[in-house]
Amino acid sequence: MNSSTNSLDDVSADSSAEFPDRASMMEVRLQAQEDEITLLKSSLADALRRLRLHDQLLPLLKQQLIAVNPAAARVLNQVCCSDGCTSSRKLSSSSAVDGIRQTAPSQLSDIVTNANGHIGSPVSTEPRARPATLDRSTQTDPILPGQDAGQNRVPLPRRVQSLHLEDALLPGQPVEGTRAKLHRVPGMEEEDEEQEEDEEGGAEQEKELSWTSSVEEPIQPTTIRGLQREDFQDGSCSPEEQGSASPSVRTPEQNPSPRCGPLAPIQEVEKTPLVRRNSEKLGNPERQRKRLDKKAASSANLLTRSPSLENRAKELIASAGSPGSRRGTYSQGQSIKMFIRGRPITMYIPSNIQNYEDLKMEPPSERLELDWVYGYRGRDCRANLYFLPTGEAVYFIACVIVLYHINNRTQRHYRKHTDCVRCLTVHPDKVRVASGQTAGVDKDGKPLQPCVHIWDSTSLVTLQQIGLGTFQRGVGSVAFSFADSGVFLCVIDDSNEHMLSVWDCNKCTKHAEVKSTNEAVFAVEFNPSDSTNIITCGKSHVYFWTLNAGQFTKKQGIFGKYKKPKFIQCFVFSLTGDVLTGDSEGNILTWGKSAADIKTLGKGAKETFQIMRQTRAHEGSVFTLCTLQGGALLSGGGKDRKIIRWSADLAPERECEIPEKFGAVRTIADVDGEELLVGTTRNAILRGTFSDGFVAIVQGHVDEMWGLATHPSQNIFLTCGHDRQVCLWNTEEHTVDWSISLEDYGLCAGFCPNGSVVSVGLNTGRWMVLDLLTREVVSESTDGNEQLSVMRYSPDGSFLAVGSHDNFIYIYNVTESGRRYTRFGKCNGHSSFITHLDWSKDGKYIMSNSGDYEILYWDIASGCKLLRNRFDSKDREWASYTCVLGFHVMGVWLEGSDGTDINALCRSHSERVVAVADDFCKVHLFQYPCPKLKAPSHKYEGHGSHVTNVCFTHSDSHLLSMGGKDTCILQWKVIGGGAPDSRERLASASSTSTSSPEPATS
């Protein structure tokens, strides 16, 4: 959303960054495919494991049936004989019963159930055609009625494994009187415990147990249905499908799905042996069973090595979210899933939250109030600094116009603009101010309409809004008329034709409009003595406009015998009415009106504007001109960084040179005829005189910023960015304590807990430790050759964690008060670059996020080991919270987020609020914790680019936010508060939820 004029650096930077972005996308896609293969393996392992469990469960169910109804058991023995039921189920990869030998149809017809699961009338056993299976791995040929099939089996659905035992009883026979009790089979506990570890978040586990029989307790129909419901949870059939009619008894008009249903009738048809296609032929069933058991054990080992694979397999099936979606799924009371770009992320609910659904999300009682704005936009804007009679300097950066009292050192802010401010001018009454903004786009990519605001500099009240919906791309230059006391306002927009328009300030109506030029336009002004004359200048042109009856006429300045410069950077009017321009050749040109040359041009020739005089002023460009009372002139140079005072007849009188670290002179504002304010191209504002020199009263970065760190005990903070500058700021004095230049640009920083040193991570993989007092480098090292993203000390300062874009986290032992570092280990397990990390309060564990939305936990004390079971970390307390993915901050993600919309977040030290920096120029303040989606927040504007970082000061009295391309640092004062901390919030939520029904836990 930043809009710098004529900036080729931004274009080249974007193009150079495009190829690494593509490579990163390819790596992410490749990793996703590998993960999907692993998930499919885990799904197969899960299916094989369930096969083994059902193999052991089926004989025991038969024993239960014998205890309840021996007559029905004899029927079952005839139907599900050993060579018909068990072996056929083993031949099916979907763990469904493929066939069963047809015997005793007259007996079975008495216990056939209808579509509702009740005992029905006998069903015809006419031979029916069996459709071919569609699964390629178990594809079979269709069997037609009457086809010769020998002694083969009729296919039955898997529901035969979960019998309606109460339906199998003979009519009128009670189930009471026969007592039986179910016991867990010894040896099966380990499998159940492994299954519980694999389930997400320790939620309600599906207990797949084998049972033995003893005659003690009656088996009620509800108990039998409960066993059947467990089989439904296995995934073989849903309860809705169970209520449908059996596929083997349906008419051709009914759905022929053979997957599920109650006990189906047996059909007298002959079948051919089943032969797999695109697979090996099956031999001895016993040998095949051993082979399947071996595969199941091998796959189970795979799950043991990576417990999250089974969870990921289930998540992959459940994740139907479209790209860019962000939605949550509550899972049985102990875990919650959110989806980013279709990828599921499981969050584990802490133990002190007993009912997640009862948590109430409210905006925090704390609020933010803009306290100070660091920076000034002088790099790519002109005529952007003025001095008001109130003693205030008015200038802008990002979306904020700052009124800075140079003596009292206080700031006021005009904040009604919705995007970056581009231009500024002061009304002749020295009270009203006009400011124009760029167009920009909103979070949905829709363009925002640029406009001009006219506002009162005393009350900061907006008086008029001009041109909304008229200007294109943005407003480049504005100027008030002087001859009529500021009745009209002239505006030039950033469209291709650079439309020149004149507006009536009182009526907010357009008076006239014309296309000016396709070249860049740098400045526009009314003639101080005639509001019908307007001058514009820019690339290779000076135009003199005359406004008459709503129509413009244009005359171009003629360079004649003088060299035509590439740019006319600025111009002013002298006391005699002449126009003085400064150009890219370093000259001041005096323009005047000459009579028509009738001899050369003939009759009808008109007067022209020509160069009357050329004065050599600076080496390099003349960036600004400023007239003083009495007719003197000030000029500011680019390459030579000089400020020269000229007499009324352009004789040089005095000069001085500003320090090189502040850059070239961008603009000059007169304070009292002697004292000056100077805006520079390196985003600084200087104050001084020719005799005493100049000092900086406003400083800022000049390129994109990312690194931000606050001191653990003092009111200072450190920043670094792409301009290779590292700056230490004072939040009380609002000044820069010191600044140093680096060979490479810094991307991250972190203070040692003792506060004596600070570490800075660079884009080359190198990092250094600076002494705050001497500014010397006390230690440096290099980890990999890719950029570093996080520098984080452990709470006691004994370790330093360095997060890199090479997917590793490097751990260092810290000794000698942060001045000596030795490699301790390396955390290896992320499949994408590290984005954020935090230490636990005991300094033994790390939580980290990566570019592929992964949350991992590390045991540093045990040798940088990856904690496979993330469920064990749900109750761990963290010394800081900057990870953008986690249960406690899940609610900060907006609907439709793509995973990169939140650049940073920071929890306050009081653990009451969390501040969020997003990609849409906004700073959000949420209650902490905020574990529910769509959590409410307070939203604050001011930045004109993506907000790259946020951080609270050590006392939580202020919040610092940093813009990217807008090079702006905003200091917010935290007001309000007094709410209970996060532990009290969770405890209160837990206490209120205990009175409501809780989810069952296993």
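As the structure is a computational prediction, the values presented were derived from the model and not from experiment. Hydrogens, waters and symmetry mates play no part in the numbers below; they use all other heavy atoms, side chains included.
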Donor-acceptor pair between Thr731 and Gln971 side chains, under 3.5 angstrom: no
Check: Gly707 main-chain N/O paired with Asn949 side-chain donor or acceptor under 3.5 Å: no
Partner residues of His453 under the ring-ring contact (aromatic ring centres under 6.0 Å, His included) criterion, sequence neighbours left out: His417
Residue pair Trp706, Thr948: steps toward the side-chain contact (heavy atoms from CB on, under 4.5 Å) verdict: CA-CA 6 Å; Trp706 283 92; Thr948 57; 3.5 Å; yes
Any donor-acceptor pair under 3.5 Å from Asp419 side chain to Thr438 backbone: no
Donor-acceptor contact present, side-chain His938 to main-chain Pro364, <3.5 Å: yes
Side-chain donor-acceptor pair present, Thr680, Tyr376, cut-off under 3.5 Å: no
Test salt bridge (charged side-chain N to carboxylate O under 4.0 Å, His left out) applied to Arg912 and Asp956, step by step: CA-CA 10 Å; Arg912 293 180 177 179; Asp956 289 339; over 6 Å; no
Main-chain N/O of Val702 paired to Arg682 side chain as donor or acceptor, under 3.5 Å: no
Closest approach of Asn506 to Asp504 (non-hydrogen atoms, all atoms of both residues): N-OD1, 3.0 Å
CA sep, side-chain torsions, deciding dist, call: Val579, Phe573, side-chain contact (heavy atoms from CB on, under 4.5 Å): CA-CA 5 Å; Val579 177; Phe573 289 90; 3.7 Å; yes
His909 side chain to Thr953 backbone, donor-acceptor under 3.5 Å: yes
Geometric class of the Trp372/His734 ring pair [parallel <30°, tilted 30-60°, perpendicular >60°]: parallel
Any donor-acceptor N/O pair, Arg377 side chain to Arg422 backbone, under 3.5 Å: no
Trp729 and Phe717 aromatic ring geometry - parallel, tilted or perpendicular at 30°/60° bounds: parallel
Distance in Å, Met361 CE paired with Lys934 NZ, rounded so as to fall on 0.5 Å steps: 15.0 Å
Qualifying residue, where the test is side chain to side chain contact (heavy atoms under 4.5 Å, CB included) with Ile454 and the options are Val433, Thr462, Ile466: Ile466
Centroid-centroid under 6.0 Å between Phe567 and Phe522 rings: yes
Candidate pair Thr390 and Glu392, rule side-chain hydrogen bond (donor to acceptor under 3.5 Å, both in side chains), full reasoning: CA-CA 5 Å; Thr390 58; Glu392 295 173 307; 2.9 Å; yes
Flag, side chain of Arg382 to backbone of Cys570, donor-acceptor distance under 3.5 Å: no
Minimum heavy-atom distance between Ile535 and Phe571, given as atom pair plus value: O-CZ, 3.3 Å
Minimum heavy-atom distance Phe552-Ala512, with the two atoms named: CE1-CB, 3.5 Å
Heavy atoms from other residues, nucleotides or ligands near NZ of Lys539 exceed 12 (cutoff 6.0 Å): no
Phe387 to Ala669 - nearest heavy-atom pair and separation: N-CB, 4.3 Å
Exercise: identify the closest heavy-atom pair between Cys951 and Cys906: CA-SG, 3.9 Å
Polar contact flag, side-chain donor to acceptor under 3.5 angstrom, Thr517-His541: no
Thr967 OG1 to Met962 CE distance, which is reported to the nearest 0.5 Å: 11.0 Å
Approximate separation, where rounding is to 0.5 Å, of Gln725 CD and Met705 CE: 12.5 Å
Donor-acceptor under 3.5 Å (Ser516 side chain, His498 main chain): yes
Plane angle bin for Tyr404 and Tyr395 - parallel if under 30°, tilted between 30 and 60°, otherwise perpendicular: perpendicular
Sidechain-backbone polar pair: Thr710 side chain, Phe952 backbone, donor-acceptor under 3.5 Å: yes
NZ/Lys416: more than 12 non-hydrogen atoms of other groups inside 6.0 Å: no
Candidate pair Val884 and Val892, rule side-chain contact (heavy atoms from CB on, under 4.5 Å), full reasoning: CA-CA 8 Å; Val884 298; Val892 306; over 6 Å; no
side-chain contact (heavy atoms from CB on, under 4.5 Å) assessment of Arg687 paired with Val671: CA-CA 9 Å; Arg687 179 186 182 185; Val671 176; 6.0 Å; no
Any donor-acceptor pair under 3.5 Å from Arg666 side chain to Gly378 backbone: yes
Spacing of Ser457 atom OG and Asp429 atom CG [to the nearest 0.5 Å]: 8.0 Å
For the student: nearest non-hydrogen atoms of Val950 and Ser961, plus distance: CG1-CB, 3.9 Å
